[in-house]
Visitor: 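Got a structure here, written out as structure tokens. Questions coming.
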Amino acid sequence: MQHLSIFPILIPLLFGAIMLLPPISRDLTSQRISAVTGTLLLLISSAVLLFKVDHEGVQLYALGGWQAPFGIALVADRMSTLLVSVSSFLAFAVMLFAIAGRDKGGAYFHPLFMFQIMGINGAFLTGDIFNLFVFFEVLLIASYALLVHSGGKQKTQAALHYVILNLVGSSLFLFGLGILYGTLGTLNMADMAIKVGQLEGETATLAKTGALLLLVVFGLKAAMLPMHFWLPKTYSSASAPVAALFAIMTKVGIYSIFRVFTLIFGDEAGELANIATPWLWALALLTITIGTVGVFASPSLKVLSANLVMVSSGSLLACAAIGSEVATSAALYYMVHSTLASAGLFLLADLLARQRGKAEDRFVRSRAFLQPRLLGFGFAISALSLIGMPPLSGFVGKVMMLQATQTTVQTMWVWPLILIGSLAALITLSRAGTTLFWRHSGSVAPEAEPAKATEIAGIALLLLASPVLVLFGGEISAFTLQAAANVHDILFSAYGLLPGAIQ
Amino acid sequence: MNTLIWLPFLPLLGVFVPLLSARFSRTACAFLTATLPAFALYLVLSYAGEIFQGERFQAALPWIPSIGLELAFRLDGLALLFAILILGIGLLVILYARYYLSAQDSIGKFYAYLILFMFAMLGVVMSDNLIQLWFFWELTSISSFLLISFWGHKTDARKGARMALTVTGAGGLALLAGLLILGNTVGSFSLQTVLDSGDLIKASASYPVIVVLILLGAFTKSAQFPFHFWLPNAMAAPTPVSAYLHSATMVKAGIFLMARFYPALANTDLWFLIVSLTGLATFLMGAYIALFQHDLKGLLANSTISHLGLITLLLGMGTDLAAVAAVFHIINHATFKASLFMAAGIIDHESGSRDMRQLNGLWKYMPYTATLAMVASASMAGVPLMNGFLSKEMFFTETLHQASLGSLSWFIPVLATLGGVFAVAYSMRFIHDVFFNGEPINLPKTPHEPPRYMRVPVEILVALCLVVGIVPSLVVGDLLYSAASATLNTPAPTYSLAIWHGFNFPLLMSFIALIGGLLMYHFRSHLFKFQSQFPANDPKLVFEGVIQSLSSKAQRFIALTENGSLQRYIFLTLVLALIMTASSLMKLNATAGQRPELPVDALTITAAVLLCISALATVIWHRKRLIALLTLSVVGLIVSLAFAQFSAPDLALTQLSVEVVTVILLILALFFLPQKTLKESSPRRVVRDLSLASLIGGVVGTICYALMTRPLDTISTFFTENSKTGGGGTNVVNVILVDFRGFDTLGEITVLGIAALGIYKLIARMRLFMPSSNENGLAWSEDKNPLMLSIISQSLLPLALLVSAYIFLRGHNMPGGGFIAGLITSVAIIQQYVAHGVEWIKTRVKLDYQIMIGSGISIATLSGLGSWAFGHTFLSSWFDYFYLPFIGKFELASAMVFDLGVYLTVIGATMLILANLGQLTTSERPVQKDND
Amino acid sequence: MLTITITIVAICICIALFLNLWRLLEGPTVSDRILALDTMYINAIALILLYGIHMGSVLYFEAALLIAMLGFVSTAALCKYLLRGDIIE
Amino acid sequence: MLPMPFHSLLLFIVWLLLNNSFSAGQIVLATFFALTIPWLVTGMRDEQPKIRKPWLAVRYFFMVLKDILVANIQVALLIIGPVKKLKPGFVAVPIHLDSDLGITILASTVSLTPGTVSAEVSKDKAWLYIHALHLENEEELINDIKQRYEKPIKEIFGC
Amino acid sequence: MPFYLELIICIALIIGAVFLLVGSYGLARLPDIYMRLHGPTKASTLGITGVLAASMIFQSHLKGAFSVQELLITLFLLITAPVAAHMIAKTALHYRLDSLEKTKNQDMVETIRSREAHNNSSTD
Amino acid sequence: MEGIYAFCVGLLTACGIFLALRGRTFSVVIGLTLLSYAVNLFLFASGRLKIDAAAVLGQSEQYSDPLPQALVLTAIVIGFAMTAFVVILAMRARADLGNDHVDGVLPTNETDTSHRSGGSH
Ligand code: NA
Ligand code: NA
């Protein structure tokens, strides 16, 4: 299986394209069947790739047979493969949810979904910075299109902000790329990492401006302060499966920050070593803070989930700022956890809203639920997981992050914020839960519809991941630690990928 | 496997038993539920013998090493004591709840929660690993939340549960921090290692932080002042829950924690000061408040707070004997308080009220229950022959033997006695006010004795109070000794558990307390009157108020920052980018580098001036939209010319064709958007934006100049060297696009395809504002398809297609390629749409643009997949030269198939957008009114 | 001679372009501006061809061809907009 | 086989023009496109009259070319000359062409040649409205257009 | 390059440049939109033809083969310029843009605008 | 030459950003288009400027850097796709929200007279 590394990109691409062609394009059922098949295949191939990478080490895939740094290379290492697996798993679960009916309300849901996954996986796998830009754009344009799925004023307005902000971001991305190419003369990230170390003086200064522009761009995707504004409205207005899929979008930004600022501009970058760190510190802490305030202020479940995503983003950025192997490992674990848990909550919020009549997902008194036990159980799981309470995965991630701080100063800043963030989540989610599930007036709303089997299956997959992450926490954290070690090892992640490079 | 590893999980397994067995009778459910805890209790007890001998059992399995978490359990004296309390009283509560809960209550759910809690609690006390301890600690918070909110439809239950969860949850987070620092200080998260490293810990700089954080956890959980307020509000829980959680188990978790870490953290001034003062304050305050409660459970809850304070105070005194006394009081308090809660539950259950102002003279109705309650109350008051008396005696003794407050240490025995007075008074009240004191007032039900088996748990507990009170060493001697030894991590000092120690000060203190308490109860009306002067504030309301004001402040803050203004968002993003780039750019000494510059010529200056003027004109006239569009076109034209001039013909061609399609799109949009906008930015805003824009423009220009004037070493020579030999084309840019970096191009056409699909979605549900006249009210021209335009467009189409074929075919070797060809074809088709209208085209051509996109992307992908057959990676290209008679040498390349995919996608995407947009307007065009 | 001629011609075209720009900015009507833009396209074609002669390169022809083809499309579309509002109906 | 023979020929020539080559390969390609493109676009056309007299068409084409040259010099002089002397004016030319193609060709010719621009065609296609930059004699202009351009066009399309 | 070729190229270029300039000059100078139309439609078309001819000769010489590609551009412009002018004239009429006062037959404008048949009586 | 080029890029950036900061969708779109011109020119310039050096083998003696050109080409296409999307989205916003302000609500202190031309629904 020498082509395995490209499967996570090709499978969604081909499925997406084929779904535009007859006979599949003609009816919904065959679209659904092929969408589920596609995501399942994707999941299987990602899992196999994960296994292979874990056992055989990093998989390099030189597209077109052109060796790096000249051609585009895919780099399936532990970090990228882990995230690819998460996104594939997420895709499968969300697709299961979607085919119960949320895929209606507009054309092209399935192909767009596939293209979105393709963009995400491509961004994770690529080893070329311009190709990263291309995949960013793929996932962005797909997200724009999905965001307006099933219409509505709110969606349009949120989409307008989201799209325009990201267009500005894309411009900055290209400015940054131009500067980096203009100083380094290469696009392969491993090659850049090697060349950055040799930069001196004014050229280094110029390269720094380019790098910092990339930080802004990735920060925008990761909802880093002050570029976080788009997130709450966008996530809360998107339709459920889309919002759930968006849960991994901020992670793409975070991932890119790790790739670019620990590999290229990391410890080995000579004059440009760790240039992002001071910025990351300040902005990460502010992001957690504002996210926490947002959590307190959330009037509805979807907004709350969105704000929780922001808190997790801030925490991940803080890990990036710490910049140690342990911190990266913590971030990786936390990314897996937070992606799946928040996606689960987004889906659940949709089910809840559908059974509450006019109250939707707002924290107000409402009609009783049609399926209180099912929904309550699901809510409890995702709430515990997101708060970071045992026995679910959030606590492992949280403890890993807390343990990752290295100096007293770091501890003094990060710990209180992370812990207060947890407390805010605890307070708000407990209020939310008691209000949603117990503060009722009247009977079940007449328009309430029971959750469908595949919807439950999709949510269950996402929620079950949380205890599994704890149960196998040892193995998983060993994996993330190894992944982090690889990322931080320039001999491994740069020279190792360029056989011709002279150390 | 070691029994210890799975023992704590027995109850967890048991969580499912009640859920599954709830369909059977309530009794069967209760019985089945009890089996697993009973088995666990049996197992625990089977260890007792050896533990009493001083043994300690430990077992561990690796779990998550990276966070120091392992699955590690221990069973020593302290754990044994608590395990017995948890399982033993748990079993009694299961029995009791069987009768307490009504038929409407879901008993299966209740038992499940209860067992879950039991599991968590057992985990806490048996943990041999710090992280695992915290793991279970938090589980107790969660499961107690579920139990307190069991009647979630009641506001009180919801609020009480939330408050308990918030307070204990906050404490839990502090505890986590404390445990992590502790573990990092010691270098191990193994409990035994920590307990053995007391000196190291106390010597470390982080000791104060550790103590404060861990105590925060303990105090919140054990309702110590000032975190005590959640406990009375947790009384909204069903009484079995209170009997279990709020007497014997959960609230004792904090006490347990202090006892557990006693060897590691205690015996320092800091510890004494914090723990003893907190304990003392809690002890007094709880006792005082208890007296004024009208709610039976409220009285008991505050009494619990007081007793927990007492134990805390003991743990803070720093003598080994005080620690023994603390452990002893843990046992005693558990027995008498659990029985009292159950008694209160019986009274509530059988009379329908818990209000002592209504409850009077119940002796007549339920004498048996009254007797049990009176014995337990006596124990609570510290009456001799009861177990409460023994530990209180020890407490009084220890208050006399401590010196924690230096010369003010005598305060402690005095205040302890005062607390004792209150305790007697409220116990007296519990007895007299409920069982005597006249007749019941307006009770909902006529009280009577409870069912036989509902009394059994009370009887057992009360019996224990008596037995322990009379023959203490026989009953709990070993248990107490081993628990105390485990607490101290050394063998406990010698002490005597006799009832009678002769006439001494502690006895005097007990006597004073008894007499004082009786007197105080007798004159209680004065005290009540005094107390009524203070405004009663419900901590629940205060707490809710705090949370709500926090939330509304947060909302105001968020509304202030996230004001929904995109302009602000963009501004901030750009400001950040500016700060980041400018701050590093300032370190650049000289803008210009060493690379020689190209000479300037008139043509370039002309183009530059045209560009600048047009760009500025676009800005100045952006409110006159059509004109802005025209000037924008000029800018686009000049940009194309610039590409052409600086040796990028492909770019020039692409820019030109994209430009036209963009302009057409913008014209289409203009029809639906207002034609003009008023000036709406304030001068300040304009100046602000202008400054930012110029600064960023300046920075970009500077960087651009700095880059261009510096030499660059790139990988690009590889492309020029290998373009022909490796990629089979002489147009290097095109070879990069379809071969070296074909993957980018694949992504790029996918973007285009997706954009078209997205736009289709946007159009599909659009309700348009279509002006029936232009902005000045002039009706549109009636000539829909001008004759000349139609005819000429028809003639141009074949020519345009030919040109696009030409551009397509030569792309590999000369400027051109699939993308430009695709755009030319699209523009040619658009031209037909403009000239003839949608309907005309629709009837003549059956092109499915969606299929074109799908097949374009598919073809491009499949052309890349083809290389797999030859064992090459995705998108590996293939080309060869062939000879045919007449025709001669020609080249075939897989890149052309790829380019064909590009071509199709471009046409499909462009046309899907424009044709659909056009179609929509046509079908919805408003009827024209000539209003000129 | 050719070099001098090219310079002179270039200057002529530059002046022409400035005249077009002036008309584009001055208006007074949108029709005038469209006309100016259309003329500008033609002058741009000339400019490109001239540049091809100057550089002795064949690579500029396609750009000129494209402007000739596409400039008309955009002029037609703009006029249609003024006439009918909706250019694809 | 050949839905638009004239176009096919044109395409064939244009292809060779574009490639500046008469090699066998290019001729094959030219033939290919000359055949396929008309076939592709044949749906997108309204029925147009056939050219009855090709030679006349060629002659007409060169005549117009000559006129363009002459007219341009005249117009250039007018433009450079004093504006005050210009006598612009609208003219209505009655036309008797049945085909839209014919009208279009006439209108185009008018625009390219003397100081005139075709401004509009009336709905009944009986009038061509033109704007003249310098209108000295209206009748003469109308006559000139009808004789010099309309007549040959009529003949070319045989109507 | 032989002198005569260079000379021809130069002449063609100069002619082209002059006409282009005149066309644009007319656009800038003439007083109303209808008159301005004449400049670009005619002068510029001829001008570009001059440049194209020059280019054709030059490229033929450069390649050593007959280069007639530029004819295609001429063809395109000859076909499209009148239509562009026509369309612009239509807009001008549609918006009732003023023509120079001394323009003859101004009263015809409304007829033209509405594409009505011409009424002969008004011609005189 | 480089100075003039850089100046133009800077000016285009400034103009683009200024317009992107306006309140109406159309201005923003125009601004983004200007910005994308600037971006493309900038990215192109990262390969340094060369004259008469098109990267077509055999057509000139030296070759300009073809890689940035390929990147710019990709960027142009992607930029086109994005612009197209945002243009239609702006129309949709006008349709859904009733005005063309980027925030979907008009600033409170003034009335939008341009509204008059629309609203035939
Ligand atoms: Na009473
Ligand atoms: Na239309």
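Below, chain A is the first sequence line, B the second, and so on; all start at residue 1. None of the values given here were measured: they were computed from a predicted structure.
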Visitor: Mind ranking A:Ala17, A:Gly176, A:Gly106 by heavy-atom pairs under 4.5 Å with chain B and telling me who comes out on top?
Guide: A:Ala17
Visitor: Is the shortest distance from a Lys or Arg side-chain nitrogen in B:Asp713 or A:Lys195 to a carboxylate oxygen in the other one below 4.0 Å?
Guide: no
Visitor: Between B:Arg741, B:Lys109, B:Glu70, B:Arg556, which has the largest tally of heavy atom pairs under 4.5 Å with chain A?
Guide: B:Arg741
Visitor: Between atom NZ of A:Lys233 and atom CD of B:Glu562, what is the distance when rounded to the nearest 0.5 Å?
Guide: 8.5 Å
Visitor: Rounded to the nearest 0.5 Å, what's the gap from CG on A:Asp128 to CG on B:Asp744? Could you check?
Guide: 6.5 Å
Visitor: If every non-hydrogen atom of B:Ala170 is compared with every non-hydrogen atom of A:Leu426, which pair is closest and at what distance?
Guide: N-CD2, 4.5 Å
Visitor: Please give me the minimum heavy-atom distance between A:Ala107 and B:Tyr760, naming the atom from each residue.
Guide: CB-CE2, 3.8 Å
Visitor: Do the side chain of B:Glu138 and the main chain of A:Pro390 share a donor and acceptor less than 3.5 angstrom apart?
Guide: no
Visitor: For the atom pair CZ (A:Phe472) and CD1 (B:Ile64), what is the distance rounded to the nearest 0.5 Å?
Guide: 11.5 Å
Visitor: Tell me, out of A:Glu137, A:Met400, A:Arg439, who's got the most heavy-atom pairs with chain B below 4.5 Å.
Guide: A:Arg439
Visitor: With a 4.5 angstrom heavy-atom cut-off, could you sort out which part of A:Leu10 is near chain B: side chain, backbone, both or neither?
Guide: side chain
Visitor: When rounded to the nearest 0.5 angstrom, what distance separates CZ in B:Phe874 from CD in A:Gln2?
Guide: 13.5 Å
Visitor: Determine the option with the most heavy-atom pairs under 4.5 angstrom with chain B, choosing from A:Gly178, A:Pro299, A:Pro226.
Guide: A:Pro226
Visitor: Identify the two heavy atoms, one from A:Phe70 and one from B:Phe719, that lie closest to each other, and give their separation to 0.1 Å.
Guide: O-CZ, 3.3 Å
Visitor: Parallel, tilted or perpendicular, judged at 30° and 60°: which one describes the rings of B:Tyr569 and A:His161?
Guide: perpendicular
Visitor: Taking the side chain as every heavy atom from C-beta outward, state whether A:Phe395 and B:Leu69 have any atom pair closer than 4.5 Å.
Guide: yes
Visitor: In terms of heavy-atom proximity below 4.5 Å to chain B, should A:Val470 be classed as side chain, backbone, both, or neither?
Guide: both
Visitor: A:Val396 versus chain B, heavy atoms under 4.5 Å apart: side chain, backbone, both or neither?
Guide: both
Visitor: Can you name the closest pair of heavy atoms from A:Leu215 and B:Met580 and give their distance?
Guide: CD2-CE, 3.7 Å
Visitor: For the atom pair CE (A:Met19) and CG (B:Leu757), what is the distance rounded to the nearest 0.5 Å?
Guide: 11.5 Å
Visitor: Under a 4.5 Å heavy-atom cut-off, does chain B meet the side chain of A:Leu419, its backbone, both or neither?
Guide: both
Visitor: Given heavy-atom pairs under 4.5 angstrom as the criterion, report whether the side chain, backbone, both or neither of A:Ile290 touches chain B.
Guide: both
Visitor: Which heavy atom of A:Arg373 sits nearest a heavy atom of B:Ser106, and at what distance?
Guide: NH2-OG, 3.6 Å
Visitor: Side chain from CB out, backbone as N, CA, C, O: work out which of these in B:Ala559 comes under 4.5 Å of a heavy atom of chain A, or both, or neither.
Guide: neither
Visitor: Mind checking the NZ-OG spacing from B:Lys761 to A:Ser150? Nearest 0.5 Å is all I need.
Guide: 7.5 Å
Visitor: Tell me, for A:Leu423 versus chain B, whether the close heavy atoms (under 4.5 Å) come from the side chain, the backbone, both or neither.
Guide: both
Visitor: I'd like to verify something: which residue of B:Ile131, B:Leu550, B:Val699, B:Thr573 has the highest number of heavy-atom pairs under 4.5 Å with chain A?
Guide: B:Thr573
Visitor: Is A:Ile6 in contact with chain B via its backbone, its side chain, both, or neither, using a 4.5 Å heavy-atom distance?
Guide: side chain
Visitor: What part of A:Ile476 gets within 4.5 angstrom of chain B, counting heavy atoms only: side chain, backbone, both, or neither?
Guide: neither
Visitor: Against chain B, label A:Ala62 side chain, backbone, both or neither, depending on which of its atoms sit under 4.5 Å from a heavy atom there.
Guide: backbone
Visitor: Mind ranking A:Thr156, A:Ile141, A:Leu384, A:Leu187 by heavy-atom pairs under 4.5 Å with chain B and telling me who comes out on top?
Guide: A:Ile141
Visitor: Indicate, with yes or no, if the rings of A:Phe130 and B:Phe743 have centres closer together than 6.0 Å.
Guide: no
Visitor: Using a 4.5 angstrom heavy-atom cutoff, name the option from A:Gly71, A:Ser477, A:Pro111 with the most pairs to chain B.
Guide: A:Ser477
Visitor: Between B:Ile736, B:Leu712, B:Thr166, which has the largest tally of heavy atom pairs under 4.5 Å with chain A?
Guide: B:Leu712
Visitor: Please classify the contact between A:Gln116 and chain B as side chain, backbone, both or neither, with a heavy-atom cut-off of under 4.5 Å.
Guide: neither
Visitor: Does any heavy atom of chain A fall under 4.5 Å from the side chain of B:Ala764, the backbone, both, or neither of them?
Guide: neither
Visitor: Show every donor-acceptor pair shorter than 3.5 Å between a side-chain atom in residues 849-858 of chain B and any protein atom, with sequence neighbours excluded, or say none if there are none.
Guide:
unit_1: B:Tyr849; atom_1: OH; unit_2: B:Tyr833; atom_2: OH; d: 3.1
unit_1: B:Gln850; atom_1: OE1; unit_2: A:Tyr108; atom_2: OH; d: 3.0
unit_1: B:Gln850; atom_1: NE2; unit_2: A:Leu20; atom_2: O; d: 3.0
unit_1: B:Ser855; atom_1: OG; unit_2: B:Ile851; atom_2: O; d: 2.6
unit_1: B:Ser855; atom_1: OG; unit_2: B:Met852; atom_2: O; d: 3.3
unit_1: B:Ser858; atom_1: OG; unit_2: B:Gly854; atom_2: O; d: 2.6

Visitor: Starting from the C-alpha separation in whole Å, work towards a yes-or-no answer on side-chain contact (heavy atoms from CB on, under 4.5 Å) for A:Leu212 and B:Ser584.
Guide: CA-CA 9 Å; A:Leu212 289 177; B:Ser584 47; 4.2 Å; yes
Visitor: Going by heavy atoms in the side chains, are A:Glu202 and B:Asn589 under 4.5 Å from each other?
Guide: yes
Visitor: Using atom types as modelled and distance alone, determine if a side-chain donor or acceptor of B:Thr873 lies under 3.5 Å from a backbone N or O of A:Gly65.
Guide: yes
Visitor: Which atoms of B:Ile759 come close to chain A, meaning under 4.5 Å heavy atom to heavy atom: side chain ones, backbone ones, both, or neither?
Guide: neither
Visitor: Side chain from CB out, backbone as N, CA, C, O: work out which of these in A:Pro232 comes under 4.5 Å of a heavy atom of chain B, or both, or neither.
Guide: side chain
Visitor: Check each atom of A:His149 against the heavy atoms of chain B and say whether the ones under 4.5 Å are side chain, backbone, both or neither.
Guide: both
Visitor: So which residue, A:Val168, A:Thr186, A:Leu165, A:Thr183, ends up with the most heavy-atom pairs under 4.5 Å with chain B?
Guide: A:Leu165
Visitor: With a 4.5 angstrom heavy-atom cut-off, could you sort out which part of A:Ile275 is near chain B: side chain, backbone, both or neither?
Guide: neither
Visitor: Apply side-chain contact (heavy atoms from CB on, under 4.5 Å) to the pair B:Arg162 and A:Thr435, showing each step before the final yes or no.
Guide: CA-CA 11 Å; B:Arg162 283 204 305 246; A:Thr435 306; 4.2 Å; yes
Visitor: Would one find more than 12 heavy atoms of other residues, nucleotides or ligands at under 6.0 Å from atom CD of B:Gln594?
Guide: no
Visitor: Would B:Phe557 and A:Phe296 count as a side-chain contact (heavy atoms from CB on, under 4.5 Å) here? Give the steps.
Guide: CA-CA 11 Å; B:Phe557 178 76; A:Phe296 266 122; over 6 Å; no
Visitor: After noting the C-alpha distance and the side-chain angles of B:Leu566 and A:Phe229, does the key distance pass the side-chain contact (heavy atoms from CB on, under 4.5 Å) rule?
Guide: CA-CA 9 Å; B:Leu566 178 67; A:Phe229 297 104; over 6 Å; no
Visitor: With sequence neighbours left out, write down each residue that passes salt bridge (Lys or Arg N to Asp or Glu O under 4.0 Å) with A:Arg431, or none if nothing qualifies.
Guide: B:Glu544
Visitor: Could you tell me which portion of A:Ile9 (side chain, backbone, both or neither) has an atom closer than 4.5 angstrom to a non-hydrogen atom of chain B?
Guide: side chain
Visitor: Between A:Trp438 and B:Phe145, how do the two ring planes meet: parallel, tilted or perpendicular, split at 30° and 60°?
Guide: tilted
